[in-house]
S.K.: 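Handing you a structure now.
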Amino acid sequence: ERSVTSLDNLKVMMDQMSSRYTGDKAVFERIETNRQAILAVIPELQNNASFGLGEKVYAGMKEKVTPLLDEIANELANIATEQDSSAIESIEVADRLVVLAFLAVIAVVILSTVIAMVIGSKISRSISDPVNEIEEAAQKLAQGNLDIDIDYTGNDELGRLADSMRATFKFLQAVIK
């Protein structure tokens with residue numbers, strides 16, 4: 001009776017495995033065929049055992065049941081090997097995806113850095129160019145040159161400073177004339 005229960009448990013386990021198995025499903029049919037063949041032999045073995053025919057039980061186990069169990073064990077080993085290979089392939093794919101994700105993150109960081117540098121450079125020039133122009137005009141004024149032109153205009157602090165410097169130059173030109 002324990003043998004029948006074990007074989008019934010094997011059937012349940014095979015049903016569960018076959019629903020998730022991605023390989024050749026015929027392997028489960030071969031296992032089931034062997035399981036059914038063992039179940040068919042069990043009554044004969046039980047009958048022989050009940051009559052005390054131990055040698056017949058041993059011979060039946062050796063000739064009929066053991067080869068079928070060996071076939072089932074081989075099929076299960078093949079399934080395990082195939083699933084191991086599939087798992088290894090999945091891990092390798094995942095590893096490649098991790099590397100690609102890492103490279104994508106690095107690319108985004110580099111691109112972001114370049115964009116930040118370009119934007120920073122433009123902002124820096126938008127401040128330093130007018131300051132340099134106003135500084136150059138102030139140096140010319142300090143040297144006595146009143147023929148000064150400041151091109152920068154704007155509504156910010158530098159624009160107001162440029163306007164003030166232009167007004168100062170015009171005033172000084174008018175005073176000197």
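Position 1 is the first residue of the sequence; numbering continues from there. Here the structure is a predicted model, which means the values were calculated and not measured.
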S.K.: Report the residue from Met61, Gln46, Glu63, Lys64 that forms a side chain to side chain contact (heavy atoms under 4.5 Å, CB included) with Val41.
M.R.: Lys64
S.K.: Pair Leu97, Val93 - check side chain to side chain contact (heavy atoms under 4.5 Å, CB included), show working.
M.R.: CA-CA 6 Å; Leu97 289 175; Val93 167; 4.1 Å; yes
S.K.: Test your reading of the model: is there a side-chain donor-acceptor pair from Ser128 to the backbone of Ser124, 3.5 Å cut-off?
M.R.: yes
S.K.: For residues Leu141 and Ile148, report the shortest heavy-atom separation together with the two atoms involved.
M.R.: N-CD1, 3.6 Å
S.K.: Counting only heavy atoms from other residues, nucleotides and ligands, does the tally under 6.0 Å from CG of Asp84 exceed 12?
M.R.: yes
S.K.: May I ask you to test the Val4-Leu39 pair for a side-chain heavy-atom distance under 4.5 Å?
M.R.: yes
S.K.: Distance check, rounded to the nearest 0.5 Å: Leu76 atom CG versus Gln83 atom CD?
M.R.: 11.5 Å
S.K.: Is there a path of hydrophobic side-chain contacts, each under 4.5 Å between heavy atoms of I, L, V, M, F, W or Y residues, that connects Val98 with Ile106?
M.R.: no
S.K.: Answer with yes or no whether the hydrophobic clustering places Leu45 together with Leu53; edges join I, L, V, M, F, W, Y residues whose side-chain heavy atoms lie under 4.5 Å apart.
M.R.: no
S.K.: Within the distance-only criterion (no hydrogens, no angle test), does the side chain of Glu71 pair as donor or acceptor with the backbone N or O of Asn34 below 3.5 angstrom?
M.R.: no
S.K.: Are Phe102 and Ile110 in one and the same hydrophobic cluster, where Ile, Leu, Val, Met, Phe, Trp and Tyr link if side-chain heavy atoms are under 4.5 Å apart?
M.R.: yes
S.K.: Nearest heavy-atom pair of Gly23 and Glu82: which atoms, and what distance?
M.R.: CA-OE2, 3.1 Å
S.K.: According to a hydrophobic-cluster definition based on side-chain heavy atoms being under 4.5 Å apart (Ile, Leu, Val, Met, Phe, Trp, Tyr only), do Ile176 and Met165 belong together?
M.R.: yes
S.K.: Quick one: pull up CD1 in Ile31 and CG in Leu10 and give me the separation to the nearest 0.5 Å.
M.R.: 7.0 Å
S.K.: Starting from Ile38, can I reach Tyr58 by hopping between I/L/V/M/F/W/Y residues whose side chains sit under 4.5 Å apart?
M.R.: no
S.K.: What pair of heavy atoms forms the shortest contact from Ile42 to Ser3, and how long is it?
M.R.: CD1-CB, 3.9 Å
S.K.: Considering only NZ, NE, NH1 and NH2 on the basic side and carboxylate oxygens on the acidic side, decide whether Lys11 and Asp15 come within less than 4.0 Å.
M.R.: yes
S.K.: For a quick check under 3.5 Å, do Glu32 and Gln36 share a side-chain donor-acceptor pair by atom type?
M.R.: yes
S.K.: Using only heavy-atom distances, determine whether the side chains of Ser121 and Arg125 contain a donor-acceptor pair under 3.5 Å.
M.R.: yes
S.K.: For residues Asp151 and Asp149, determine if any side-chain heavy atom of one lies less than 4.5 Å from a side-chain heavy atom of the other.
M.R.: yes
S.K.: Does NZ in Lys25 sit with more than 12 non-hydrogen atoms of other residues, nucleotides or ligands closer than 6.0 Å?
M.R.: yes
S.K.: Should Asp8 and Val12 be marked as a side chain to side chain contact (heavy atoms under 4.5 Å, CB included) after you check the CA-CA gap, both sets of side-chain angles, and the distance that decides it?
M.R.: CA-CA 6 Å; Asp8 288 343; Val12 170; 5.8 Å; no
S.K.: Roughly how far, to the nearest 0.5 Å, is the CZ atom of Arg35 from the CD1 atom of Ile72?
M.R.: 8.5 Å
S.K.: So, taking the atom named CG in Leu161 and the one named OH in Tyr152, what distance separates them when rounded to the nearest 0.5 Å?
M.R.: 10.0 Å
S.K.: Starting at CE of Met14, measure out to CD of Glu75 and round the result to the nearest 0.5 Å.
M.R.: 10.0 Å
S.K.: How close do Ile150 and Arg166 get, counting heavy atoms only, and between which atoms?
M.R.: O-NH1, 2.7 Å
S.K.: CD/Glu89 to CD1/Ile91 distance, rounded to the nearest 0.5 angstrom?
M.R.: 10.5 Å
S.K.: If you look at every heavy atom in Asp147 and Asn145, which pair is closest and at what distance?
M.R.: N-OD1, 2.9 Å
